[in-house]
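All remarks here apply to the structure that follows.
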Amino acid sequence: MSDISERYARLSEDFAGTVAAVPADRWSSASPCEGWDARDVVRHVVDTQGMFLGLVGRELGDIPSVDEDPRAAWDAARAVVQADLDDPRRANTEFDGFFGRTTFAEAVDRFLGFDLVVHRWDLARATGLDERLDPGDVRWAHEATAPFGEQLRGNNVCGPELTPPEGADDQTRFLAFVGRRAW
């Protein structure tokens, strides 16, 4: 298992834990993502896994519906991506990506990993769950997003950078960087 595969496994498990903890009556709660409720956050994360598989000619296949069972949908989607990351041939499949020639594993690490950190917070915020993120994941995600430049702000990836309060912790500064108001 590569570092990328291990990181994805951990981040996807953290996201799964948050999905599993959402109270049944909170799925329609508004999220920090404008126009999305909690279920939409999970739908986006599931759909994004499929989008990245599509970049290398693969697909999620027949997975459960996010509307019927968000946890089952997420577990099925992440299992497909994890299997590809655990297979060196599939993980190293090259394609022309957003930032030039890259591999499936590098793209997953660069974008999907960051997405899992941010959207785990979005889902927790929307549903009243524990919003604390692992400090190492916060540092890693902040460093991973820095090279995105203005592309981070386009195509509805992230909102405008916010100014965090003076003395803000790393998590608050990172969330402000990606357009989330955590205070």
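One finds a salt bridge joining R71 and D75 here, because a Lys/Arg side-chain nitrogen approaches an Asp/Glu carboxylate oxygen to under 4.0 Å. Salt bridge status for R43 with D40: present, with a side-chain N to carboxylate O gap under 4.0 Å. Ionic pairing of R132 and D130 is present here: one or more N-O contacts between side-chain nitrogen and carboxylate oxygen are shorter than 4.0 angstrom. The existence of a salt bridge linking E131 and R120 is excluded, since no basic side-chain nitrogen approaches an acidic carboxylate oxygen closer than 4.0 Å. A salt bridge links R101 to D96: one of the charged nitrogens lies within less than 4.0 Å of a carboxylate oxygen.
By the 30° and 60° cut-offs, the orientation of the rings of W36 relative to H44 is tilted.
In this structure, Q171 contributes its side chain and L133 its backbone to a donor-acceptor pair below 3.5 Å. At least one donor-acceptor pair closer than 3.5 Å links the side chain of N92 to the backbone N or O of P88. The closest donor-acceptor contact from the side chain of R173 to the backbone of A168 lies under 3.5 Å. Looking at R153, its side chain does come within 3.5 Å of a backbone N or O of G159 through a donor-acceptor pair. Side-chain atoms of R180 come within 3.5 Å of backbone atoms of V178 as a donor-acceptor pair (strictly under, hydrogens ignored).
The distance between the ring centers of H142 and F177 falls below 6.0 angstrom.
Considering CG of D137 and CG of D170, their distance stands at 12.5 Å, rounded to 0.5 Å.
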